[in-house]
Amino acid sequence: MFNQLLAEDAAKVSSDELRGKIQTVRGLIEPDSLGKTLMHEHLLWDIRSAEQKAAVDQGPEITLCNCFKINYGRLKVPRNKIFRSWETATREVQLMLDAGGNSIVELSNGGLAPDPLGLRKISESTGAHVVMGCGHYVDAYQDESNRDRSVESFAQEIRSQILEGAWGTDVRAGIIGEIGCQAPWTDLEKKVMLGALIAQADTGAALNVHPGRHEDQPQEVIDFMISNGYPVERVIISHIDRTIFDNERILRLADTGCVLEFDLFGQEHAYYSLGDIDGLNDAMRLKYIRTLISRGHLSQIVISHDICHQTRLVSNGGHGYGHIFENVIPIMDRHGFTEQEKAAILVENPKRLLTFAGGR
């Protein structure tokens, strides 16, 4: 049985109606209305593990005095991984607009406490375009009942989330993802991925993938899609900047035609809490992006911050959703990125991906 209960009065759309449009939490818009877009964010989320949710001690309140220690792993604070205030999120999104951004892709899907109505409130309050994801996150975050479901049931669920409404509301998703994978890849995650690929083919949506934390897993996912007969030009591989650290692998992945997402902009310390990884800074991310552009892959690059910790919000001393527009674009200028290159990464590539291509 689906975890999703569709609202009885949801206003349905067809794949034909979606074709050539972008679907936001407030409805369909023309692609040229999208503007500068962050392609992977969370506005309202709960990414705590089951163990962290069950802990009596959720850690100290987050303050300017402990923000750095939390970010650098010196304080373990589960409450940092949950954020449910749409009022505060509204202020944070307004700061993004003030910095020159226009739109946000929000990927808190199944397992990450999605709040479609909250996203609609934020969008209505600020005027920002918000495109919501759908589907399911990694294995450990999924409901146990999902293990007994078929591939087709996942495909039907995702189609419904796009065409009718998601998680008991009439708010419709505009992108599939972030579909969770891990290394090694689990059977449940493969079933969800196949369902997502079927739904993508049926609706014409783009598909965002959360790959496992192994340098070869993004390629494994893309090879799986190709071997099953699915095109990958509208597949976005997230978290490249915490997964692949050599040009050979990055270029081999890009040569398949998929889209590479560098989405940890603003995280500029070596510490990484989820593995033995030395983090990049923003200048290093831009060097990898320059390498991809030099190979002819400009149309396959998108960027974002993937904010999913309270300490990264301006309210708590963090960089916020405006960081790329305030701080990274000047670095790009200093490193010789052209206006065409910046427009491709921030405007044209998101517009192409989020515009529905039409289903079969």
Side-chain angles (χ1 to χ4, degrees), residues 36-42 67-74 92 95-96 98-102 104-105 210-211 213 215 218 236-254 258-309 311-314 316-350:
K36 295 177 182 175
T37 303
L38 301 174
M39 283 294 289
H40 192 133
E41 301 295 344
H42 301 273
C67 182
F68 181 83
K69 287 185 177 181
I70 296 171
N71 281 337
Y72 225 87
R74 300 307 177 208
E92 296 282 336
L95 291 173
M96 183 273 294
D98 295 343
N102 304 100
I104 292 176
V105 174
H210 167 101
R213 294 176 183 86
E215 57 195 358
I236 305 159
I237 302 294
S238 293
H239 316 323
I240 293 297
D241 39 345
R242 63 89 162 125
T243 311
I244 307 179
F245 300 97
D246 65 274
N247 288 335
E248 180 183 351
R249 281 185 174 87
I250 287 179
L251 292 171
R252 184 166 67 245
L253 184 65
C258 71
V259 177
L260 280 66
E261 183 177 271
F262 294 80
D263 51 33
L264 297 181
F265 275 91
Q267 291 198 31
E268 297 206 275
H269 45 249
Y271 172 75
Y272 182 74
S273 65
L274 297 173
D276 187 18
I277 294 170
D278 290 333
L280 305 179
N281 61 34
D282 289 348
M284 295 166 71
R285 293 181 178 96
L286 292 176
K287 286 183 179 179
Y288 282 113
I289 289 173
R290 173 53 64 197
T291 298
L292 284 165
I293 293 173
S294 298
R295 180 70 169 254
H297 294 300
L298 176 61
S299 65
Q300 296 167 244
I301 301 165
V302 292
I303 63 177
S304 209
H305 309 99
D306 190 17
I307 292 176
C308 55
H309 294 85
T311 48
R312 297 181 69 195
L313 299 174
V314 173
N316 293 315
H319 55 77
Y321 302 102
H323 170 69
I324 283 174
F325 308 110
E326 287 183 318
N327 303 316
V328 175
I329 288 178
I331 299 174
M332 296 173 84
D333 292 337
R334 193 165 70 245
H335 285 271
F337 281 76
T338 67
E339 292 302 315
Q340 179 206 6
E341 289 168 343
K342 290 184 293 183
I345 292 168
L346 289 166
V347 180
E348 296 304 321
N349 296 346

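Values below: all heavy atoms of this structure, side chains included; hydrogens, waters and symmetry mates excluded. As the structure is a prediction and not an experimental result, all values here were calculated from the model.
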Side-chain heavy atoms of [X] within contact of [Y], under 4.5 Å:
| X | Y | value |
| --- | --- | --- |
| Met39 | Glu261 | yes |
| Thr243 | Pro218 | yes |
| Arg290 | Phe337 | yes |
| Tyr321 | Ile307 | yes |
| Arg242 | Pro211 | yes |
| Phe68 | Thr311 | no |
| Ile289 | Ile345 | yes |
| Val259 | Val302 | yes |

Nearest heavy-atom neighbours spanning [X] and [Y]:
| X | Y | answer |
| --- | --- | --- |
| Glu341 | Ile293 | OE2-CG2, 3.6 Å |
| Phe325 | Pro330 | O-CD, 4.3 Å |
| Asp241 | Phe262 | OD1-CA, 3.6 Å |
| Gly100 | Asn102 | O-OD1, 3.9 Å |

Is it true that a side-chain atom of [X] and a backbone atom of [Y] form a donor plus acceptor pair closer than 3.5 Å?
| X | Y | answer |
| --- | --- | --- |
| Asp282 | Gly266 | yes |
| Glu215 | Phe245 | no |
| Asn349 | Leu298 | yes |
| Glu92 | Gly320 | no |
| Gln300 | Leu260 | no |
| Asn316 | Gly318 | no |
| Asp263 | His239 | yes |

Straight-line distance of [X] [atom1] to [Y] [atom2], nearest 0.5 Å:
| X | Y | atom1 | atom2 | answer |
| --- | --- | --- | --- | --- |
| Met96 | Ile104 | CE | CD1 | 3.5 Å |
| Ile244 | Arg249 | CD1 | CZ | 8.0 Å |
| Arg285 | Asn281 | CZ | CG | 7.0 Å |
| Thr338 | Met332 | OG1 | CE | 9.0 Å |
| Ile240 | Ile303 | CD1 | CD1 | 14.0 Å |
| Asp333 | Lys342 | CG | NZ | 3.5 Å |

Residue among Glu41, Gln267, His319 satisfying side-chain hydrogen bond (donor to acceptor under 3.5 Å, both in side chains) with His305: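 For His305, the side-chain hydrogen bond (donor to acceptor under 3.5 Å, both in side chains) test succeeds with only one of Glu41, Gln267, His319, which is Glu41.
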Arg312 with Asp306: basic N within carboxylate O range, under 4.0 Å: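 Looking at Asp306 together with Arg312, the answer is no, because their closest N to O distance does not fall below 4.0 Å.
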Derivation and outcome, side-chain contact (heavy atoms from CB on, under 4.5 Å), residues Ile324 and Leu38: CA-CA 9 Å; Ile324 283 174; Leu38 301 174; 3.8 Å; yes
Proximity of His323 and Phe265 rings by center, below 6.0 Å: no
